[in-house]
Every structure is written in C-alpha cells, then in structure tokens.
Amino acid sequence: MELKTLIDILIVDDRPENLLVLEGLLEGLECNIVKATTGNEALSLMFEYDFALVLMDVQMPDMDGFETAELMRGSAKTRHIPIIFVTAIIKEQRCIFKGYEVGAVDYLFKPIEPVILRSKVKVFVDLYNQKTMLQRQAALLESKIEELMELKELNGELENLSTHDGLTGIPNRRS
C-alpha cells in the first residue's frame, strides 16, 4: 500500500494573524500548510516545495502579490502553480483584472467565507492529485514502452539465431 503524502499549500500574507486564520480554516484538509510573510520569502520557498496552490495577499510591503505572481510566472518551476489572491482591497475591476493578467486563477475577498475557501482549495488539491496520478501513469507507460522495445529487439536477435548457422552465419534449414 502506498503512503499518502501531504500536499503542500503556500499561504502568503504580511500579517501573522491572517496566516493563522487561513491555516485554521484549512485545518482538516490533509495538506501541509507553509507560510510566508513576504513575496521574497514566498519565492524562496517555491524552490524547496512542490506547491499545489498559493493563497496570496495582494497588499504587502516591499513586493506586493502582483509582483510576486509575475516573478512566479517567469520561472519554469513555478509557472503553473495556481494562485488565488486573498485580499481586503475593494473589488475594483482594474485590480481584479491586474491579478488575472499576472496569473491569478481566482480571488477571495476578506472577510473570507470558510465554506468558499475550503471548497476552492479542495478543487485545486483534487486537480493536483489528478495531475500527479497522470504523471505517474505516464512514467509507467514510458517504462513499459521501453521494455517492449527491448523485448522486440531481443526477439529479433533470437529469430536471427534460430534461422542462421552460428558458425558461418549462413541461413539454415529453418529459414
């Protein structure tokens, strides 16, 4: 039986109390919650973990969520990690559009509705699990194809041995 590993989710917010609230709301989803308080810290964690999802505040000092998302999209390793912006800024369309332009897949507005948060996170956890399963199946299929090609080559050699004289290389009666 295969051991189930926890899926990593990154929460980025400059306020520790917001991190605690989000972590509490996600409790029980069988995932490993990793927290960062700055965009730079979040980016450095990207190279240590394989995140299924990033929940990120938009307004942060030094590097805001939009800048962090843009930098994530610039790296091959982090380009496809889904980002949900969790923000208290008013629902101005220009801010929302900017978020989608830099790679957000969704927005959650504070105060957060726990049912909506858990539902959205669960969707991305399920997608991540499916992607992982597909990658495993693809690797297994690739190894089976390699094995088949080796067997085909060996069968060709056996056929040649059975139809040719081993000493002279001349075709024998079986050929």
Side-chain angles (χ1 to χ4, degrees), residues 1-12 19 22-23 25-36 38-56 63 65-86 99-108 115-175:
M1 189 169 147
E2 191 176 314
L3 284 175
K4 197 172 186 179
T5 58
L6 292 178
I7 293 171
D8 297 320
I9 295 177
L10 177 62
I11 303 173
V12 187
L19 292 171
L22 282 170
E23 185 177 27
L25 292 174
L26 296 175
E27 199 171 290
L29 281 182
E30 294 185 21
C31 32
N32 178 39
I33 305 297
V34 180
K35 298 176 275 192
T38 66
N40 283 327
E41 184 182 358
L43 291 171
S44 68
L45 288 168
M46 299 283 171
F47 296 101
E48 294 177 38
Y49 294 89
D50 182 22
F51 291 113
L53 176 66
V54 175
L55 299 168
M56 185 164 19
M63 183 187 308
F66 297 141
E67 292 172 279
T68 306
E70 275 186 286
L71 290 170
M72 283 176 62
R73 295 299 174 239
S75 169
K77 184 180 186 324
T78 59
R79 166 175 301 136
H80 299 291
I81 300 173
I83 301 166
I84 297 177
F85 281 124
V86 181
Y100 287 123
E101 283 174 9
V102 296
V105 295
D106 207 351
Y107 265 91
L108 285 172
V115 173
I116 293 172
L117 172 71
R118 291 174 63 83
S119 175
K120 289 183 181 198
V121 168
K122 187 165 178 0
V123 165
F124 286 102
V125 166
D126 290 346
L127 284 171
Y128 182 83
N129 283 332
Q130 290 173 0
K131 179 183 91 170
T132 303
M133 185 184 68
L134 282 172
Q135 288 171 335
R136 280 193 212 125
Q137 292 297 324
L140 181 63
L141 184 60
E142 187 69 34
S143 71
K144 294 292 182 188
I145 289 171
E146 287 176 20
E147 188 179 319
L148 244 152
M149 296 306 285
E150 287 175 22
L151 286 173
K152 187 176 180 179
E153 189 178 313
L154 289 172
N155 277 339
E157 289 176 26
L158 285 173
E159 188 176 320
N160 188 41
L161 284 173
S162 71
T163 58
H164 289 78
D165 181 83
L167 183 62
T168 63
I170 300 172
N172 62 21
R173 289 184 310 198
R174 286 186 215 120
S175 67

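Along the sequence shown, the residues carry numbers beginning at 1.
Every residue meeting the side-chain hydrogen bond (donor to acceptor under 3.5 Å, both in side chains) condition with Glu23, not counting sequence neighbours, appears here in chain and number order: Lys35. Under the ring pair (Phe, Tyr, Trp, His ring centres under 6.0 Å) criterion, Phe124 pairs with no residue at all, not counting sequence neighbours. Take Glu101 and apply the salt bridge (Lys or Arg N to Asp or Glu O under 4.0 Å) test, not counting sequence neighbours, and it matches no residue. Residues passing the side chain to side chain contact (heavy atoms under 4.5 Å, CB included) test with Ile116 are Leu108, Glu113, Lys120, sequence neighbours excluded. Leu140 pairs by the side chain to side chain contact (heavy atoms under 4.5 Å, CB included) definition with Gln137, Ser143, Lys144, not counting sequence neighbours. Take Asp50 and apply the salt bridge (Lys or Arg N to Asp or Glu O under 4.0 Å) test, not counting sequence neighbours, and it matches no residue. Contacts of Lys131 classified as salt bridge (Lys or Arg N to Asp or Glu O under 4.0 Å), with partners at least two apart in sequence or in another chain: none. Remark: Glu41 engages Thr37 in a side-chain hydrogen bond (donor to acceptor under 3.5 Å, both in side chains) (not counting sequence neighbours). Taking the ring pair (Phe, Tyr, Trp, His ring centres under 6.0 Å) definition, one finds that Phe51 meets it with Tyr49, sequence neighbours left out. Shown here are the side-chain hydrogen bond (donor to acceptor under 3.5 Å, both in side chains) partners of Asn32, two or more places apart in sequence or in another chain: Asp8.
Leu29 is listed as a side-chain neighbour of Arg118, based on a closest heavy-atom distance under 4.5 Å. A heavy-atom distance below 4.5 Å is found between the side chains of Met63 and Leu43. Leu55 is listed as a side-chain neighbour of Leu26, based on a closest heavy-atom distance under 4.5 Å. In this structure the side chain of Val105 reaches within 4.5 angstrom of the side chain of Ile84, judged on heavy atoms. Between Leu53 and Val125 the shortest side-chain heavy-atom distance does not fall below 4.5 Å.
Atom CD1 in Ile33 sits 9.5 Å away from atom CG in Leu10 (nearest 0.5 Å). Once rounded to the nearest 0.5 Å, the distance linking CG of Leu141 with CD1 of Ile145 reads 4.0 Å. Annotation: the span from Glu147 atom CD to Leu151 atom CG amounts to 6.0 Å, rounded to 0.5 Å.
The local environment of CD in Glu27 is sparse, with at most 12 non-hydrogen atoms from other residues, nucleotides or ligands closer than 6.0 Å. Within a 6.0 Å radius of CD in Gln135, other residues, nucleotides and ligands contribute more than 12 heavy atoms.
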Could you pull out all donor-acceptor pairs under 3.5 Å where a side-chain atom in residues 68-75 meets a protein atom, sequence neighbours excluded?
residue, atom, partner, partner atom, Å
Thr68, OG1, Asp64, O, 3.0
Arg73, NH1, Thr78, O, 3.3
Arg73, NH1, Arg79, O, 2.7
Arg73, NH1, Ile81, O, 3.0
Arg73, NH2, Ile81, O, 2.9
Arg73, NH2, Gly103, O, 2.8
Ser75, OG, Lys77, N, 3.4

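Of the possible donor and acceptor atoms, none in the side chain of Ser119 sits under 3.5 Å from a partner among the backbone N and O of Val115.
Ring geometry for Phe85 versus Tyr107: interplanar angle of 30 to 60°, hence tilted.
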(message) Assess the residue pair Tyr100 and Asp106 against the criterion (side-chain contact (heavy atoms from CB on, under 4.5 Å)); give the C-alpha distance rounded to whole Å, side-chain angles, the decisive distance to 0.1 Å, and a yes or no.
(response) CA-CA 8 Å; Tyr100 287 123; Asp106 207 351; 3.9 Å; yes
(message) Go through it in stages, so that I can follow the logic: the residues are Val34 and Ile11, the test is side-chain contact (heavy atoms from CB on, under 4.5 Å), and I'd like the CA-CA distance, side-chain angles, deciding distance and then a yes or no.
(response) CA-CA 6 Å; Val34 180; Ile11 303 173; over 6 Å; no
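Of all non-hydrogen atoms in Cys31 and Leu6, the two that sit nearest each other are N-CD2, 4.1 Å.
Screening residues 155-170 for side-chain hydrogen bond (donor to acceptor under 3.5 Å, both in side chains), with sequence neighbours left out, gives Asn160-His164, Asp165-Thr168.
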